[in-house]
Amino acid sequence: VPTYVYCLVPRARAAPPAGLAGIDDEPVRLVSMRHADAWASTIASLPDSADRERRRALGTAHHAVVASALELGVTPIPVRAGQSFVDDTDCVHRLEARSDTDVALLERMAELVEMTSTFRLTTPAPVNKPDERAEDGGGEGRRHMEELRARDARVRELRDEALRAAAIISDRILPMARDTAVRVTGASGTGKAGVAVSHLIPRAEVEQYRMKLAGWLPPHFDGPLTVTGPFAPYSFVSNAQESSGD
Amino acid sequence: MASDLEEWDDEEFALNDLLNRVLDRGLVITGRVIISVADIDLIYLELHVLVSAVESILRRQAAGS
């Protein structure tokens, strides 16, 4: 039966609470390895990537299990949603093959959690207006290129603005953050975006983070910050992986 | 799709961002993640470059203080 993994936790530190159900209401169990434990359940089949509702349900159930581990006082290393193994043996084999990387991650993330501040952003009108000469004979091709250039300029503008905003927010909690990640979800044609700034901070400083940022309205922002968390370090596990090859 | 973003309230945006993180981030073990598509159709920019840029700014600020 395929095994689905939610997260890794330090060895012998946190077992799933009795009755905890995961995807498709399957019971969550511990898969023990030499270097760490995994929280896992069985799964009949993974959803088709085009099945938006099932994907959403899977993501929600996945996160609920990871959050349960976090509530036990350990920092789980979240596994990206949507991965299954042939069975427990296959799961253990693959995870033990990368044990050095994962032990280092567990040690690096111990006592740290992810907090996220989200807000909206609006940039001024596009910098690059379509070239009016295109109307005089540049043709469709030229107009299209101008539109693409204007769109790229808008995306760059949103990105730069998001970076400036992230720096303002990070500055307010400077001593707390061990790492920072920024995501921009936007529509380049409108100049409007949602920005999420995630910080990796000590678990003991969660309340202080909230007090500093929740509801804060930085100058020139569209609205006050919404603060969520604590979460498992989703944003920083991927970063650690990518940078591990540097 | 821009209208989606405009219609979401702040809490909804935060929840969608979290869901995208769950589906798009975290350890990749098998090398074949079936669900790697962001849940929304908006232009989604995962700005890795920003991470290092922000860190550089923070380091400069820390050094200057």
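Not measured: the values here are computed from a predicted model. Below, read A as the first sequence line, B as the second, and so on, with proteins coming before strands; counting in each chain starts at 1.
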Taking side chain as everything from C-beta outward and backbone as N, CA, C, O, which of these in Leu15(B) sits under 4.5 Å from a heavy atom of chain A? Side chain, backbone, both or neither. neither

To the nearest 0.5 Å, what is the distance between OH on Tyr234(A) and CG on Asp24(B)? 12.5 Å

For Thr226(A) and Ala14(B), the nearest pair of non-hydrogen atoms, with its separation, is CG2-CB, 4.5 Å

Using heavy-atom distances under 4.5 Å, tell me whether Phe231(A) contacts chain B through its side chain, its backbone, both, or neither. side chain

When only pairs under 4.5 Å are counted, which of Thr116(A), Thr228(A), Ile77(A) shares the most heavy-atom pairs with chain B? Thr116(A)

Would you mind checking if Arg183(A) and Asp17(B) are paired as a salt bridge, meaning a charged N to carboxylate O distance below 4.0 Å? yes

Kindly give the heavy-atom pair with the smallest separation between Phe119(A) and Phe13(B), and that separation in Å. O-CE2, 4.3 Å

Crowding at CD, Glu11(B) (>12 non-hydrogen neighbours, <6.0 Å): no

Structural part of Leu8(A) lying under 4.5 Å from a heavy atom of chain B: side chain

To check you understand the geometry: which heavy-atom pair defines the closest contact between Leu23(B) and Gly59(A), and what is its length? CD2-CA, 3.9 Å

Looking at Thr60(A) and Leu19(B), what are the two nearest heavy atoms and their distance? N-CD1, 4.0 Å

Answer yes or no: is there a side-chain heavy-atom contact under 4.5 Å between Ser198(A) and Arg21(B)? yes

Please check if the side chain of Gln83(A) supplies one atom and the backbone of Leu27(B) the other of a donor-acceptor pair under 3.5 Å. yes

At their closest point, which heavy atom of Arg98(A) faces which heavy atom of Val28(B), and how far apart are they? NH1-O, 3.3 Å

